[in-house]
**Q** 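Dumping the structure here so I can ask a few things about it.
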Amino acid sequence: DVKVTQSSRYLVKRTGEKVFLECVQDMDHENMFWYRQDPGLGLRLIYFSYDVKMKEKGDIPEGYSVSREKKERFSLILESASTNQTSMYLCASSPFRQDLYEQYFGPGTRLTVT
Amino acid sequence: DQQVKQNSPSLSVQEGRISILNCDYTNSMFDYFLWYKKYPAEGPTFLISISSIKDKNEDGRFTVFLNKSAKHLSLHIVPSQPGDSAVYFCAASPWGGGSEKLVFGKGTKLTVNP
């Protein structure tokens, strides 16, 4: 079974703090993604990566950065957390295959910024 | 501009009856469609998918129908069970797979009443 794990299920941070969210997958997938989910807005893509040290902006990259130093690990960084970044953060991975579109999601991190 | 639309934020059905969740898309380049199911405080899990070369795909109680001319797909759940209560996301991808992003709708919250 594909397993995607995220470092924390719940996180509370203060405004202005630097926040690291870690994601690890164990299936040797090339592609990794970070989304945030907010009520009424669905899943919105923040950043994705299709290879080590490669990254591409998604639909809402402002206020975020990412790091992918190893194939299995994809980190999301909030340089200076703000209250509007309170959200559910979801990591996903998928293999690089022309016939496969499915992404596998981690359990999510509920981040609260106070 | 929303490329994948789920116009019903919520749906309530009786146990044993049929649940029909709808999804519309605007991008004619989309070639593959997926449905994900999400419980609170968990990551989305893949449910069922359909390629544009088909108009129907069935998996147990779940059937997805695709009408390419109308740019519309629907997920049928028969019979509905209380455990099906979750948020359902429709997602679409252009042809090619690989590292292509998925475009998600905003989700429909399904409640199945005992």
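Every chain is numbered from 1, with letters handed out A, B, ... down the list of sequences.
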**Q** According to a hydrophobic-cluster definition based on side-chain heavy atoms being under 4.5 Å apart (Ile, Leu, Val, Met, Phe, Trp, Tyr only), do F46(B) and V87(B) belong together?
**A** yes

**Q** When rounded to the nearest 0.5 angstrom, what is the spacing between CZ in F48(A) and CG in L102(B)?
**A** 10.5 Å

**Q** Do you know which of C91(A), P39(A), G58(A), G40(A) has the most heavy-atom pairs with chain B at a distance under 4.5 angstrom?
**A** G40(A)

**Q** Are L43(A) and Y32(B) connected, step by step, through hydrophobic side chains (Ile, Leu, Val, Met, Phe, Trp, Tyr) whose heavy atoms are closer than 4.5 Å?
**A** yes

**Q** Pick one of side chain, backbone, both or neither for E56(A), based on which atoms fall under 4.5 Å of a heavy atom in chain B.
**A** neither

**Q** So which residues of residues 52-83 of chain B are in contact with chain A at a heavy-atom cut-off of under 4.5 Å?
**A** none

**Q** Sort by residue number and list every member of residues 33-41 of chain B having a non-hydrogen atom under 4.5 Å from chain A.
**A** L34(B), Y36(B), K38(B), A41(B)

**Q** Do you know the tightest heavy-atom contact between K101(B) and F33(A)?
**A** CA-CE2, 4.5 Å

**Q** Should V66(A) and Y35(A) be regarded as members of a common hydrophobic cluster, given that ILVMFWY residues are connected when their side-chain heavy atoms come within less than 4.5 Å of each other, either directly or indirectly?
**A** no

**Q** Does R44(A) have any salt bridge (Lys or Arg N to Asp or Glu O under 4.0 Å) partners at least two apart in sequence or in another chain, and if so, which?
**A** D38(A)

**Q** What pairs of donor and acceptor atoms, side-chain ones from residues 104-114 of chain B against any protein atom, are under 3.5 angstrom apart with sequence neighbours left out?
**A**
unit_1  : atom_1 : unit_2 : atom_2 : d
T108(B) : OG1    : S8(B)  : O      : 2.7
N113(B) : ND2    : S12(B) : OG     : 2.8

**Q** Which distance, rounded to the nearest 0.5 Å, do you find between the CG of L47(B) and the CD of E102(A)?
**A** 10.0 Å

**Q** At a 4.5 Å cut-off on heavy atoms, which part of L90(A) comes close to chain B: side chain, backbone, both, or neither?
**A** side chain

**Q** Using non-hydrogen atoms and a 4.5 Å limit, figure out which bit of P44(B) sits close to chain A: side chain, backbone, both or neither.
**A** both

**Q** Are V4(B) and I48(B) joined in one hydrophobic group, where the rule is that I, L, V, M, F, W and Y side chains link up if heavy atoms are under 4.5 Å apart?
**A** yes

**Q** In this structure, would L45(A) and L76(A) fall into the same cluster of hydrophobic residues linked by side-chain contacts under 4.5 Å?
**A** no

